[in-house]
Every structure is written in structure tokens, then in C-alpha cells.
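In what follows, every heavy atom counts, from backbone to side chain, and hydrogens, waters and symmetry copies are set aside. We count ligands from 1, going down the list as the structure has it; atoms in each ligand are counted the same way.
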Amino acid sequence: MMRAVTARANSNIALIKYWGKADAVLNLPTTSSLSLTLDHTWTTTTVAFDGGQGDADAVTINGTVPTGTARERVVRFLDLVRERAGVTRRATVASTSTVPLAAGLASSAAGFAALAAAASRAAGMDLDERSLSRLARRGSGSATRSIFGGLVQWHAGDDDASSYAEPVACAVDVAMVVIMLSNARKSVSSTEAMRRTLDTSPLYPAWVSHSREDLDSALAAARAGDLPRLGEVAEGNALGMHAAMIAARPGIIYWLPDTVAALHAVRALREEGLPAWATIDAGPNVKVLTSGSQAEEVAARLRERLPGATVSVRRPGAGVQIDAGEAGAREDAS
Ligand code: DP6
């Protein structure tokens, strides 16, 4: 029996960031992190260990064949699944993202979470969510968290077994407003940028040691329904991460002039009494943590202040799902 399995996963945005690997092979992070899984940011991936094509894995992402590192990361991940499941056949993998690339949310988080779920099931494994989270981690750190919906904590751990994510209690009605400023490909990959920050930035140890306190405050704020406290700590943690990477040698500056303009716009909204706190990942775009009830108003005000930007609202989304319709078995032809 050779099954084609389809799974889908949403992207997530970290409120307390993952930035740095304690173990680059196992993808163990230097800090625990906290994120919000977003709605309508699905990546859908179908995997079958059907022999692939010409004795190699046949991979397509949004209809095109990836090359270089993008392909290597997928093949390496499939090798790990094959090794665990005792499967030797090459695979066919087709992945599509429902989020237009221009939305700035198509990330490795959703991609590797969906791939982990589809590939493990297609290889005959039946993993629980925690095990899936550990497996997704090997593909990309942020994918560890996309297995789950809503607010999610990734425990850094100190070995493969102890480094996984789980959903956490959230008494705050949260939403994210995404400010898309540029869809140019990032100049430095996050993997390389975090390595350089860890190896050369004199500010990095300070960010790491403060991160635990940030996480504790964020978790307490989420439990208490305290959005301003959650927002302040999230914005501070993200700015601290960027300060650490700007101080790397050579410095990594993902910000564009429009990024700084967006940060000021978010502050101006706050001064007007609206709930809005910024976070930035490994790129120039800005995501704004706000309340579900005021998200549309925050988005409208940001559109006024930032006429060149594309602004959209995302609400908390669901974790990984295996598509039952496609998970049916079909006979192996050979
Ligand atoms: C800034 O998960 O893309 O988005 O583990 O090397 O694949 P790799 O890195 P990746 O890094 C994400 C970094 C971040 C912060 C975060 O999502 O926590």
C-alpha cells in the first residue's frame, strides 16, 4: 500500500522570538518562544512515497521545482522521515500556499509543519501532535509551533525529546494586522542571520538572558487577559532581537525606511488610545498585535498613515490538519 497524504498548516508569528540555535542539527533553540498561529495562511502539502522521479524526490512548491538550499532542506527532511519509518522509496511532494507571496506570510513554519504531517503519515507513521511538533522542528524551528492553533509555546528543551511546542491558555482576544511593505526576497536567510548574531553580536547574550523574563511576562499577561502588557513585552522582545542582529559583525539590517515609518505609525495609534504593538521578523514587514474587536479599526488607521503598504487582518487560526479526503489508501502499483 502506498498512500498519498495531504496535510495543511497555518503560519505563525512569534510574540517572543526564536533567534538562535543551541544545536543546529537537532534545531534546538537557545530560548523558548511564544507565537500566535494565524488564520487563512495555509500551506497545503501532498506527499506520496511512490518512487519519485528518476530515483530522486520530485518536489514542487507552488508549481515550480525548487533548487539549491530550498530543495536540499526538503530532501533532508524526507530522509529523516524515511529513516524513522524504515521507508526507502523516493517521494513526490507538491506544496502550495494559499497565501499570496505578496502577503509576506508564506513561511517555512507552515511549510515544514504541513510537510511533517503529510510525510510522516504517508510513510506509515501515526504521530501524536507533540511528536509531530518535534519532527517539524527538524525542518524549521518556527514550524515546531505551527502544529498547534492559537497561542503556542515552544519549550526550548535540551534534547530532541524535550524540545516541542504546545498550546497555552490565552484570555486575551487577540488579532494581528499585517503591514506588507516589500515582498523582495530576504538578503540573508534567517538560519544564516541567527548564526551570525549568535557568533558575533555582543548584544546577543543580553537578549537571550532577558528572553526568559519576557516569556514569563507574556504568559502571565495572556493568562490574565492583559493585552497592553502582552503587547509591550512582545514589541520589546522583537526590537531587542533586531538590536542584537544589527550589532552583529557585519550587521544584519532587515529594516527599510518604510519599516521605521510603520513602527512610528504604530506608536502614533497607541497615543490615540488604540491597542497596537509591533513585531518584526527576518524581513522588512511589520505585524501589529491588537485586539480582535479593534483590529479592523487599527487596520484602517494604518492604511491612512501608510498609503504605500498592503494592510490585512489575521485572526487566531487552527493547527495542522490532515485532509481526510486525500488520506485514503491506494494500491501500490509495483
Ligand atoms: C524571526 O524558523 O525560519 O521568524 O529554524 O533556521 O528554519 P530555521 O529558522 P526560522 O526562524 C524564524 C525566526 C523568526 C522568529 C520566530 O519565528 O520565532
Side-chain angles (χ1 to χ4, degrees), residues 9-38 41 43 66 69-74 76-77 80 97 104-116 133-148 151-157 160 163-165 176 178 185-199 201 204 207-208 211-212 214-215 218 233-246 248 252-255 259 278-287 289:
N10 274 313
S11 280
N12 72 77
I13 299 296
L15 301 177
I16 303 299
K17 304 294 187 188
Y18 147 55
W19 194 255
K21 300 172 200 278
D23 182 322
V25 174
L26 291 177
N27 242 357
L28 303 179
T30 54
T31 61
S32 295
S33 54
L34 181 73
S35 62
L36 185 67
T37 300
L38 305 184
T41 56
T43 291
T69 317
R71 180 188 156 76
E72 279 162 31
R73 284 180 76 167
V74 173
R76 220 185 320 128
F77 189 82
L80 177 67
S97 181
L105 291 167
S107 70
S108 59
F112 278 101
L115 182 62
S133 173
R134 293 187 186 101
L135 177 62
R137 189 193 74 235
R138 299 290 298 271
S140 179
S142 51
T144 313
R145 301 180 308 235
S146 267
I147 299 301
F148 300 98
L151 198 65
V152 178
Q153 179 180 359
W154 173 12
H155 302 280
D160 183 63
S163 188
Y164 58 84
M176 282 266 177
V178 179
R185 275 192 73 81
K186 50 183 129 180
S187 45
V188 190
S189 73
S190 38
T191 308
E192 161 58 21
M194 59 178 80
R195 182 168 43 220
R196 194 190 301 169
T197 309
L198 192 144
D199 288 347
S201 173
Y204 183 69
W207 180 78
V208 168
S211 174
R212 177 182 290 270
D214 284 350
L215 179 65
V233 69
E235 188 173 291
N237 182 270
L239 292 177
M241 175 185 81
H242 282 273
M245 68 175 99
I246 287 167
I252 300 147
I253 307 173
Y254 283 118
W255 298 5
T259 309
T279 187
I280 308 173
D281 294 301
N285 301 310
V286 176
K287 293 101 182 185
L289 180 70

TODO: To the nearest 0.5 Å, tell me how far Ile16 CD1 sits from Gln153 CD.
DONE: 10.0 Å

Task: Smallest separation among heavy atoms of Gly139 and Arg73, with atom names - done: O-NH2, 3.0 Å

- [ ] Please name all residues satisfying ring pair (Phe, Tyr, Trp, His ring centres under 6.0 Å) with Tyr164, sequence neighbours left out, ordered by chain then number.
- [x] His155

Task: Distance (rounded to the nearest 0.5 Å) between Leu151 CG and Thr37 OG1 - done: 8.5 Å

Task: Numbered atoms of ligand 1 (with element) below 4.0 Å of Ala14, judged on heavy atoms - done: 16 (C), 17 (O), 18 (O)

Open item on the list: Checking contacts here: is it the side chain or the backbone of Arg195 that comes within 4.0 Å of ligand 1, counting heavy atoms only? Could be both or neither.
Closed with: neither

TODO: Identify, with sequence neighbours excluded, every residue that meets salt bridge (charged side-chain N to carboxylate O under 4.0 Å, His left out) alongside Glu72.
DONE: none

- [ ] Ignoring hydrogens and angles, tell me if any N or O in the side chain of Arg137 forms a donor-acceptor pair with the backbone of Ser163 under 3.5 Å.
- [x] yes

Open item on the list: With rounding to the nearest 0.5 angstrom, report the OG to NZ distance, Ser11 to Lys287.
Closed with: 9.0 Å

Open item on the list: At less than 4.0 angstrom from any non-hydrogen atom of Asp281, what atoms of ligand 1 do you find?
Closed with: 1 (C), 4 (O), 14 (C), 15 (C)

TODO: Tell me which part of Arg73 gets within contact of ligand 1: side chain, backbone, both or neither, using heavy atoms under 4.0 Å.
DONE: side chain

Open item on the list: Could you check whether Thr30 and Trp19, counting side-chain N and O atoms only, form a donor-acceptor pair closer than 3.5 Å?
Closed with: no

TODO: Mark up the atoms of ligand 1 that fall under 4.0 Å of a heavy atom belonging to Asn27, in ascending order.
DONE: 5 (O)

Task: ligand 1 to Ser33 polar contact by distance, N or O atoms, under 3.5 Å - done: no

Task: Min N/O separation Ser140 to ligand 1 under 3.5 Å - done: yes

- [ ] Heavy atoms only: give me the nearest Ala238-Lys17 pair and the separation to one decimal.
- [x] CB-CE, 3.9 Å

- [ ] Just jot down the ligand 1 atoms closer than 4.0 angstrom to any heavy atom of Trp19, in number order.
- [x] 1 (C), 13 (C)

Open item on the list: Using a 4.0 Å cut-off to any heavy atom of Ser142, which atoms of ligand 1 qualify?
Closed with: 2 (O), 3 (O), 10 (P), 17 (O)

Open item on the list: If we set the cut-off at 4.0 Å for heavy atoms, which region of Asn12 has an atom near ligand 1: side chain, backbone, both, or neither?
Closed with: neither

TODO: Check each atom of ligand 1 against the heavy atoms of Lys21 and keep those under 4.0 Å away; list them by number with element.
DONE: 5 (O), 6 (O), 8 (P)

Open item on the list: Quick check on contacts: which atoms of ligand 1 are under 4.0 angstrom from a heavy atom of Ser108?
Closed with: 3 (O)

TODO: List every atom of ligand 1 that sits less than 4.0 Å from any heavy atom of Gly141, numbering the atoms from 1 in the order shown and giving each element.
DONE: 2 (O), 5 (O), 7 (O), 8 (P)

Task: Option with minimal heavy-atom separation from atom 9 (O) of ligand 1, where the choices are Met194, Arg145, His242 - done: Met194

